[in-house]
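Quick caveat, the model's predicted, so the values are computed rather than measured.
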Amino acid sequence: RETIDEDSCLPAGRSRAHSTATPLPAATAQAAPAAKPFIHLGATSAYVTDNADLILMRRGLEILRGRVLDVLRALATFAEEWRDQPTLGYTHLQPAQLTTVGKRATLWMQDLVLDLEEIDYRHRTLPFRGVKGTTGTQASFLELFEGDHDKVRRLDHMVTEKMSFPAPLPVTGQTYTRKLDAFVLS
């Protein structure tokens, strides 16, 4: 970090309107000139940002899971406290029969338990973009590993495992499929 003049790297990045592609090679040229020919091979900006987005998405699911559990605990206490309090139940927006406030609270809890199961499923199965280059191929990684497909596959799985994801996406473009965003948001 001491060998990099950050101010000289940033203006180039701003003028090209790219978040990482220009500042990174500029900083690399200063800190490790011998790496300059290789810096854009393999780990592109989408590799970094999309995998980071998936890591953040998983972390968000973990935070959400904790909050849903907090609400379930509070509702359990509420349901217990109000288990004998009668209230009128409705069906088709019409008064139906007596139930209890506690029973009604368990209905809300049931929905949250289903939400919790969905959160757990998404967290458990969310794939990683993995080790893919600019257009989703592994061509630049193959160049780095001198055509050794096995090394590239092992790297893809090692990075995915290190990031605690179950599997890498088998096919991507420059970015991971935005279906994953839709699945998690739903």
Spacing of [X] atom [atom1] and [Y] atom [atom2] [to the nearest 0.5 Å]:
{"X": "Asp181", "Y": "Ser186", "atom1": "CG", "atom2": "OG", "answer": "11.0 Å"}
{"X": "Arg83", "Y": "Gln85", "atom1": "CZ", "atom2": "CD", "answer": "12.0 Å"}
{"X": "Leu56", "Y": "Thr49", "atom1": "CG", "atom2": "OG1", "answer": "11.0 Å"}
{"X": "Thr160", "Y": "Leu54", "atom1": "OG1", "atom2": "CG", "answer": "10.0 Å"}
{"X": "Gln174", "Y": "Thr137", "atom1": "CD", "atom2": "OG1", "answer": "11.5 Å"}

Over all heavy atoms of both residues, which pair between [X] and [Y] is shortest? Give the atoms and the distance, please.
{"X": "Arg58", "Y": "Pro166", "result": "NH1-CD, 4.0 Å"}
{"X": "Ala105", "Y": "Ala79", "result": "CB-CB, 3.8 Å"}
{"X": "Leu88", "Y": "Pro95", "result": "CD2-CB, 3.5 Å"}

>> Please determine whether side chain to side chain contact (heavy atoms under 4.5 Å, CB included) holds for the pair Met109 and Leu75, giving the CA-CA distance in whole Å, both sets of side-chain angles, and the decisive distance to 0.1 Å.
In response: CA-CA 7 Å; Met109 291 173 68; Leu75 280 173; 3.5 Å; yes
Quick note, ring-ring contact (aromatic ring centres under 6.0 Å, His included) partners involving residues 84-118, not counting sequence neighbours, are none
Contacts satisfying ring-ring contact (aromatic ring centres under 6.0 Å, His included) that involve residues 150-169 (not counting sequence neighbours) are Phe128-Phe165
**Message:** Let's go through Thr100 and Thr87 carefully: what are the C-alpha distance in whole Å and the side-chain angles of both, what is the deciding distance for side chain to side chain contact (heavy atoms under 4.5 Å, CB included) to 0.1 Å, and is it a yes or a no?
**Reply:** CA-CA 5 Å; Thr100 67; Thr87 189; 5.6 Å; no
- Query: Is the number of heavy atoms from other residues, nucleotides or ligands under 6.0 Å of Glu62 CD greater than 12?
  - Reply: yes
More than 12 heavy atoms of other residues, nucleotides or ligands under 6.0 Å from CZ of Arg178: yes or no? yes
Side chain proximity check, [X] to [Y], heavy atoms < 4.5 angstrom:
{"X": "Lys132", "Y": "Tyr47", "answer": "no"}
{"X": "Leu116", "Y": "Leu112", "answer": "no"}
{"X": "Val184", "Y": "Met57", "answer": "yes"}
{"X": "Arg65", "Y": "Asp120", "answer": "yes"}
{"X": "Pro127", "Y": "Leu180", "answer": "yes"}
{"X": "Asp50", "Y": "Arg129", "answer": "yes"}
{"X": "Arg104", "Y": "Thr99", "answer": "yes"}

Sequence neighbours excluded, the answer for salt bridge (Lys or Arg N to Asp or Glu O under 4.0 Å) partners of Glu146 is none
Sorted by chain and residue number, the salt bridge (Lys or Arg N to Asp or Glu O under 4.0 Å) partners of Arg122 (sequence neighbours excluded) come out as Glu118
- Task: Apply the test side chain to side chain contact (heavy atoms under 4.5 Å, CB included) to residues Leu155 and Val159: give CA-CA distance (whole Å), side-chain angles for both, the deciding distance (0.1 Å), then the verdict.
- Result: CA-CA 6 Å; Leu155 177 65; Val159 170; 3.8 Å; yes
Any donor-acceptor pair under 3.5 Å linking the side chain of Gln138 with the backbone of Val131? yes
*Identify whether the distance between the nearest side-chain nitrogen and carboxylate oxygen of Asp70 and Arg67 falls below 4.0 Å.*
no
Residues at least two apart in sequence or cross-chain that pass ring pair (Phe, Tyr, Trp, His ring centres under 6.0 Å) with Tyr176, listed by chain then number, are none
Do the side chains of [X] and [Y] join up, straight or via other hydrophobic residues, at under 4.5 Å, putting them in one cluster?
{"X": "Val68", "Y": "Leu107", "result": "no"}
{"X": "Met158", "Y": "Leu142", "result": "no"}
{"X": "Tyr121", "Y": "Leu61", "result": "no"}

What do the steps show when you test Phe141 against Asp156 for side chain to side chain contact (heavy atoms under 4.5 Å, CB included), and what is the final call? CA-CA 10 Å; Phe141 288 96; Asp156 197 10; over 6 Å; no
Across all chains, not counting sequence neighbours, the side-chain hydrogen bond (donor to acceptor under 3.5 Å, both in side chains) partners of Arg153 are none
